[in-house]
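Let me begin by presenting the structure, written as structure tokens, before commenting on it.
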Amino acid sequence: MAEAPYHVSSAVVAVLPHAVDAVRARIEAMAGVEVHACENGKIVITIEGGSTQALGDTLSRIALFDHVVSANMVFEHAEELQENPT
Amino acid sequence: MTAELTRRELIKTQAAAIAAATAGVALPASAQPVPGGVGALDIKWSKAPCRFCGTGCGVMVGVKDGQVVATHGDMQAEVNRGLNCVKGYFLSKIMYGEDRLTTPLMRKRNGVFDKEGEFEPVSWDEAFDVMAEKCRQVLREKGPTAVGMFGSGQWTIFEGYAATKLMRAGLRSNNLDPNARHCMASAATAFIRTFGSDEPMGCYDDFEHADAFVLCGSNMAEMHPILWTRVADRRLGHPHVRCAVLSTFTHRSMDLADIPIIFRPGTDLAILNYIARHIIETGRVNEEFVNRHTTFMRGAVDIGYGLRAEHILGQEAAGAGDPGRMDPMTFEEFREFVGQYTLERTVEITGVEPAFLEELAELYANPEIKVMSLWTMGFNQHVRGVWANHMVYNIHLLTGKISEPGNSPFSLTGQPSACGTAREVGTFAHRLPADTVVTNPDHRHHAEEIWRIPHGIIPEVPGYHAVQQDRMLKDGLLNFYWIQVNNNLQAAPNNSQETYPGYRNPENFIVVSDAYPTVTAMAANLILPAAMWVEKEGAYGNAERRTHVWHQLVQAPG
Ligand code: SF4
């Protein structure tokens, strides 16, 4: 039975007001990252991948984008997913 | 759609929903969490504080089949309101590394302990037997001053308390110090000297009341990201709010700075004295407050660098013999002293734009502005860290901007329980619980009563502090040594000259308790595996003195 580590996390990215659209576009172009909502300079995203390290790296990269004030994790979940649900 | 995909979608939707709620953002209807979906994930959720820094974020910890599989920021936690910083990713990961220690390891040769031998797995009984024998031998031959323990601001409160009791009441030794000595000692000393009590008077709610933030020697954007988010929300949500950032180099926190100040290394003390002068010379001293609540003292100068007594830099420093000396002075004398730091002179010393210095000084001088000063290791690990801390308090006290919502000098801690454990519980070489000290007979008496031990048990002479411990290990005066919850061979000053030779000194028996084989553990004679975070019950005290208690949620491996 196939087991693959599956990691998902969500985060809130706070952006300087004038740069929201540009930052959003940059985030949307990243693999494994989805934008779910965007309001008042806050972008809600999920990040998926094969390891915690990969997720952490992705969020750290976003944190270093120009005009990003903060990129904070909210939720993270890791498990070996099986074909059959438990 | 396969079952796996359904579960994935479910988890992802939940992740997005929690993040949206935290940010106060509405999700499109298509992304609403599935009703009953969370329950279907079979995860048991409990609360714990994050273990990674002094901010003390509340975390929801999700356990499934005896493992931590998920975490998210606790939306009801006052500190972080649902957010965690990027380090939050590692809360569960750090517990499940492949090289996690699960059994005691002792250096052995031919089946018996040998400091020059290789590590071999041993039973707990064997580990404790050898440890007890070594400890007893040292006590018998050299007495209590030859045994010591080095702890940490990552100890839980209970562990720190047990350590201070074991060392002082059990082994009758004050040779107990935490790694917080390397970081918070200057903050603690300045607190005691200024206020007679150690720890900040403000709290995180000050963030939402302040009109100005001044960061000195702190890159909060990267090092305290959750608190920085609160600063940023305040700054961006209220146009009148100002943010000043003082540093020797440009860093991420500068992005939000209205007053960015890059000064020449070591010249920040001149800036602080200039601000004091500006307050006085523009007639903005809060006289009522100053008269009622303050006295003026002159500190010793030329105090050396805390090196070994025979070091040339100490020999040359006239004040090194009594670095903590203070003599009374008058307000007029203080005024004259800071009077040297005119704007012109300060610009010359620091290399900072005069207009920025004036704007900065006005944040403090203007009685209408509520100001929060925030600092970390730029001050606390300063060559004159105690002075730097004192000088921030000087400007807050001159203006009475202290202990009011939004008016708050705030020393931020780095470790999760530097306040709660290292300081409050009294794990320093000279301290007893709750800001009492071993040098005071009444304090000793009180502790002896609480611990129900005969009077006279707790020694009155302070033990070796962290740096001195390493020197004494090297010199062979400290011979039984237990290191817990820290990696001192990465962190200690003058490591290769003092610390490492101290650990390897053939006369010494070194025990390290840790969850992983750190360089410090690998230099030990005996390694004891440790349970971490929610593998045990515990409590931490964060930078605003908030105490978080948690239950054991999973079993430690091994
Ligand atoms: S800011 Fe500190 S306490 Fe909060 S999640 Fe990050 S490391 Fe943990």
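The chains referred to below are lettered A, B, ... by the order of the sequence lines, with proteins before strands, and numbering in each begins at 1. Every value quoted in this text rests on a predicted model; they were computed, and no experiment measured them.
Note: B:W550 and B:Y540 meet the aromatic proximity criterion, with ring centroids under 6.0 Å apart. A distance below 6.0 Å separates the ring centres of A:H67 and A:H18.
If you measure heavy-atom distances from B:K12 to chain A, the contacts under 4.5 Å come from both the backbone and the side chain. If you measure heavy-atom distances from A:V44 to chain B, the contacts under 4.5 Å come from the side chain alone. Interface remark: A:I62 contributes no atoms to any contact with chain B (heavy atom separation under 4.5 Å). Contact of B:L256 with chain A is made through the side chain alone, with heavy-atom distances under 4.5 Å.
B:K64 has no carboxylate O lying under 4.0 Å from a charged side-chain N of B:D42, or vice versa, which leaves the two without a salt bridge. Between B:E78 and B:R230 there is no salt bridge, since no side-chain nitrogen of the basic residue lies less than 4.0 Å from a carboxylate oxygen of the acidic one.
In this structure, the separation between CD on B:E535 and CG on B:L553 is 10.0 Å, given to the nearest 0.5 Å. Between atom CG of residue B:L215 and atom CZ of residue B:F213 there is a gap of 9.5 Å, rounded to the nearest 0.5 Å.
Using non-hydrogen atoms only and a strict 4.5 Å limit, the part of residues 232-250 of chain B facing chain A consists of B:A232, B:D233, B:L236.
Of the residues considered (B:T71, B:N80, B:T229, B:V86), B:T71 shows the highest number of contacts with chain A, using heavy-atom pairs under 4.5 Å. Considering only heavy-atom pairs separated by less than 4.5 Å from chain B, the leading option among A:L16, A:V8, A:N40, A:T52 is A:T52.
B:Y89 and A:Q53 share no donor-acceptor pair across their side chains, judged by distance under 3.5 Å alone.
Surrounding CE of B:M95 are more than 12 heavy atoms belonging to other residues, nucleotides or ligands, all under 6.0 Å away.
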